[in-house]
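Positions are given from 1, in the same order as the sequence printed here.
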Amino acid sequence: MLALCVSMCFPLLGCNSSDGQPADPVSDYTQFLDGEFDRIKQEASEFAIDSKYKLDVSKTESLVSPLVGTCVVRVLYPMIADNNDTIVVFTLSLDMKHGYQEGKWVLTTGEATITDNKVIKDGSKYQTAGQVAQNMTGQKHNFETLDELGKIF
């Protein structure tokens, strides 16, 4: 009777009764990412996150992270300096890897790469914003949490 209850109840909770993993890992990971991106938008409204991101979920042999999700998303980030006289919009590529651990997705590695820039307004008195932006393009920054990502930029 208990086995029947367990096998009937776990699917209702979104878990596979045999291994504790989500019944639909891709949908579960997508919902997790959407929630994370919504949180970023609320905490750092200057970030514009592309809603068309690439993701993949794969099973592993790991007992710690039986599922691994990867996501690549494009983010636009404006940088304002010189009392609003200089505005540069950077395009970032965020490459994130999450492990499914103890029933939830956990960021295991993250890398932000500045892939492009566009100078909107250049009021710089020393180096031109274009020169500074060009020097920054291609830079990579590792992060372990999304909060840490916000401190980098």
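- When all heavy atoms of P66 and Q21 are compared, the pair lying nearest together is CB-NE2, 3.1 Å.
- Under the ring-ring contact (aromatic ring centres under 6.0 Å, His included) criterion, F90 pairs with no residue, sequence neighbours left out.
- Using a 4.0 Å cut-off between a side-chain N of Lys or Arg and a carboxylate O of Asp or Glu, R39 and D147 qualify as a salt bridge.
- Side-chain contact check for M136 versus M79: some heavy-atom pair is nearer than 4.5 Å.
- D24 CG to Q31 CD: the interatomic distance, rounded to the nearest 0.5 Å, is 8.5 Å.
- Here the CD-CG distance, from E43 to D38, works out to 11.0 Å after rounding to the nearest 0.5 Å.
- Using a 4.5 Å cut-off between side-chain heavy atoms of Ile, Leu, Val, Met, Phe, Trp and Tyr, with links allowed through other members, F37 and V72 fall into different hydrophobic clusters.
- In terms of heavy-atom proximity, V88 sits nearest to A129 at CG2-CB, 3.8 Å.
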Extract all donor-acceptor atom pairs below 3.5 Å that involve side chains of residues 49-58 and protein atoms in other chains or at least two apart in sequence.
unit_1 : atom_1 : unit_2 : atom_2 : d
D50    : OD1    : K52    : N      : 3.0
Y53    : OH     : D34    : OD1    : 2.6

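- L92 contributes atom CG, which lies 11.0 Å from atom CD of Q139 (distance to the nearest 0.5 angstrom).
- In this structure, I80 shares a hydrophobic cluster with L76, I87, V89, I120, the cluster being traced through Ile, Leu, Val, Met, Phe, Trp and Tyr side chains under 4.5 angstrom apart.
- Other cluster members for V68: none, since no ILVMFWY side-chain heavy atom sits under 4.5 Å from it.
- Around the NZ atom of K118, the shell of radius 6.0 Å holds no more than 12 heavy atoms that belong to other residues, nucleotides or ligands.
- Within the structure, no pair that satisfies the salt bridge (charged side-chain N to carboxylate O under 4.0 Å, His left out) test touches residues 128-138, not counting sequence neighbours.
- Residues T70 and M96 have side chains not in contact (no heavy-atom distance under 4.5 Å, counting atoms from C-beta outward).
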Which side-chain N or O atoms in residues 101-112 pair as donor and acceptor under 3.5 Å with protein atoms at least two apart or in another chain?
unit_1 : atom_1 : unit_2 : atom_2 : d
Q101   : NE2    : S65    : OG     : 2.8
W105   : NE1    : D28    : OD2    : 2.8
T108   : OG1    : K97    : O      : 2.9

- Can L146 and I40 be said to form a side chain to side chain contact (heavy atoms under 4.5 Å, CB included), step by step? CA-CA 8 Å; L146 290 180; I40 291 172; 3.7 Å; yes
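- Formation of a donor-acceptor pair under 3.5 Å by the S62 side chain with backbone atoms of V64 is found in this model.
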- Task: With side chain to side chain contact (heavy atoms under 4.5 Å, CB included) as the test, would you mind laying out the steps for F47 and K41 before giving the verdict?
- Result: CA-CA 6 Å; F47 282 99; K41 290 175 194 174; over 6 Å; no
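- Considering every non-hydrogen atom in both T113 and G138, the closest pair reads CG2-O, 4.2 Å.
- Using modelled atom types, one side-chain atom of T86 and one backbone atom of G123 make a donor-acceptor pair closer than 3.5 Å.
- Residues V26 and T30 meet the side-chain proximity criterion, which asks for heavy atoms closer than 4.5 Å.
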